Protein chains: 2
Amino acid sequence: MTLRGRRKGEAVPQGVVVRLPIYFRYLTELESAGVERISSAQLGEALDFTAAQIRSDLSYFGSFGQQGYGYNVSELLHQVKQILGLQRVYSMVLVGAGNLGKAIGSYEGFRKRGFDIKAVFDIDPHLIGNHHAGCVIRSLDELPKYLEENQVDIGIIATPKEAGQSICDLFVQGGVPSIWNFSPTHLNTPDEVIVEDMHLTDSLLRLAFRMNERG
Amino acid sequence: MTLRGRRKGEAVPQGVVVRLPIYFRYLTELESAGVERISSAQLGEALDFTAAQIRSDLSYFGSFGQQGYGYNVSELLHQVKQILGLQRVYSMVLVGAGNLGKAIGSYEGFRKRGFDIKAVFDIDPHLIGNHHAGCVIRSLDELPKYLEENQVDIGIIATPKEAGQSICDLFVQGGVPSIWNFSPTHLNTPDEVIVEDMHLTDSLLRLAFRMNERG
DNA sequence: TTGTTCTTGTTAATTATTCGACAAGAACTC
DNA sequence: GAGTTCTTGTCGAATAATTAACAAGAACAA
């Protein structure tokens, strides 16, 4: 455990960013199951990656294993949590209380990992005043004022595509540094704003493409 | 329009598969807006890709543009639909009628593009018999029989992680060729089964990572 | 102990992907 | 209709990502 990761500080490839949450998820399962140690070969076997890839990925952040032993599950999970930034809590705001917004707001997993939905907004007068995700649904008109008065880490857009860009602009205007976008449209933002897209239809179309690619 | 795509038949890089639905989405918007023609430079500008990448991506499937003109929006959209396999209809089965299942089932966009949810299953006796997505919610016990009697293209898993693998096994056993997986777990399947993962938490963790990567 | 088995982190080779540049040729201008 | 402007599809160079191989050293067995 005395070695330093050679590549610490290097730019992290896109693929590593995709795989880190997968490692986190599986390590959490292993820890719950009481598994104490695991090798890169076993991890690879379980998750369909090569062992070399897993070792290479981790080496961007440090040296967490031991020759002849592998990785201690709890220790590695702890490190991956640090890498992902899960030692802190994130405040989120949700715009859109339709079916998808409801599903996002009621998923307990986010809160459990430190992602708290602090407020919910919608434009539909029928929904305003209802309770959802432990919050009163507020009018979209109040969003700018809310962003002035509260520090928000992540803005969630769960609206139809027509509203996506304008909600995004409100978030950017209000100083929200990152956006989790479920609306099926490409958002234009300044470079410093981080956008993570979650496009259900795109995912389904990738599936269709891959079905046709073969036979 | 007489040239053949040089790379037609070559293996399609992962990145192209990710970008095709983005092109589809934007071209659909353009067509609705009545735009007739577009160049790779304009497409790139709108979607934050380089023009060269867009031309290169399309060249895997053919030559759809014209020098000095660019692409005809309707024509290119038609071609992209063909490439993605949207000329046919897909029958889907949804397992899990919780919040997320409800959101998936009630999204009209899927049906509009030819993806039909034909049946919904859940294990919760309180939900069975209720209507959802135009279907009666059936007991999970009936899934194997349903798969024997009906041709299903895509199985959707919208259950907690504990149930993910066993539902997946039922789909594979029942001859379902592809799986759209929302349950937060890695599925083990035979090589010929196509799995497309939609892990909300993973997406949120990627966002957190990127927030911490900078400051 | 001593030797054998594991398994890491790293390197170098391989493979894959992206991008700038350009010839070819259509569209547009006057 | 002659010349200029555009824009494609493709090539090769540059960049990026993955993988196989291996030295170093810990764990384990007898």
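Since the structure is predicted, the reported quantities are computational estimates derived from the model, not experimental observations. Reminder, nothing fancy here: chain letters follow the sequence lines and each chain counts from 1.
Among the heavy atoms of the strands, none lies under 4.0 Å from B/Gly15.
Taking a 6.0 Å sphere around CG of B/Leu200, one finds it holds more than 12 heavy atoms contributed by other residues, nucleotides or ligands. B/Gln82 CD: more than 12 foreign heavy atoms inside a 6.0 Å radius.
A/Phe49 has its CZ atom 13 Å from the C1' atom of D/dT18, to the nearest Å. Rounded to whole angstrom, the span from the CZ atom of B/Arg37 across to the C1' atom of C/dA27 amounts to 8 Å. Residue A/Tyr60 contributes atom OH, which lies 11 Å from atom P of D/dA16 at whole-angstrom precision. To the nearest angstrom, P of C/dT18 lies 10 Å from CD of B/Gln14. What separates CD of A/Glu45 from P of C/dT7 is a distance of 13 Å, to the nearest Å. When the C1' atom of D/dC6 is taken as reference, atom OH of B/Tyr71 falls 13 Å away, rounded to whole Å. Distance, A/Leu58 CG to D/dT18 C1': 15 Å, rounded to whole Å. The distance from atom CD1 of B/Ile54 to atom P of D/dT10 is 16 Å, rounded to the nearest whole Å.
Annotation: of the two residues near DNA chain D, A/Val12 and A/Ala52, the 5′-most nearest-nucleotide partner is A/Val12. Mapping A/Gly68 and A/Arg19 onto DNA chain D by nearest heavy atom places A/Arg19 at the nucleotide closer to the 5' end.
Checking D/dT8, D/dA27, D/dT19 against the side-chain heavy atoms of A/Ser56 singles out D/dT19 as nearest. With D/dT8, C/dT8, D/dT10 as the choices, the nucleotide that has an atom nearest any side-chain atom of A/Ser39 turns out to be C/dT8. Comparing atom distances between the B/Pro13 side chain and each of C/dT17, C/dC19, D/dG25 picks out C/dT17 as nearest. Closest to the A/Tyr69 side chain, of the nucleotides C/dA24, C/dT17, D/dA27, is D/dA27.
Contact check, B/Gln67 against D/dC6: no side-chain N or O comes under 4.0 Å of OP1 or OP2. Between C/dG9 and A/Arg55, no contact under 4.0 Å exists linking OP1 or OP2 to a side-chain N or O. For A/Gln66, no side-chain nitrogen or oxygen approaches OP1 or OP2 of C/dT8 to under 4.0 Å. OP1 and OP2 of C/dG9 both lie 4.0 Å or more from every side-chain N or O belonging to A/Ser59. Checking the phosphate oxygens (OP1, OP2) of D/dT8, a side-chain nitrogen or oxygen of B/Ser40 falls inside 4.0 Å.
The distance from atom CG of B/Asp48 to atom CD1 of B/Ile22, rounded to the nearest 0.5 Å, is 10.0 Å.
Remark: the backbone N or O of B/Thr50 is not paired with any side-chain donor or acceptor of B/Gln53 at under 3.5 angstrom.
Aromatic rings of A/Tyr90 and A/Trp180 (six-membered ring for Trp) have centroids beyond the 6.0 Å cut-off, not under it.
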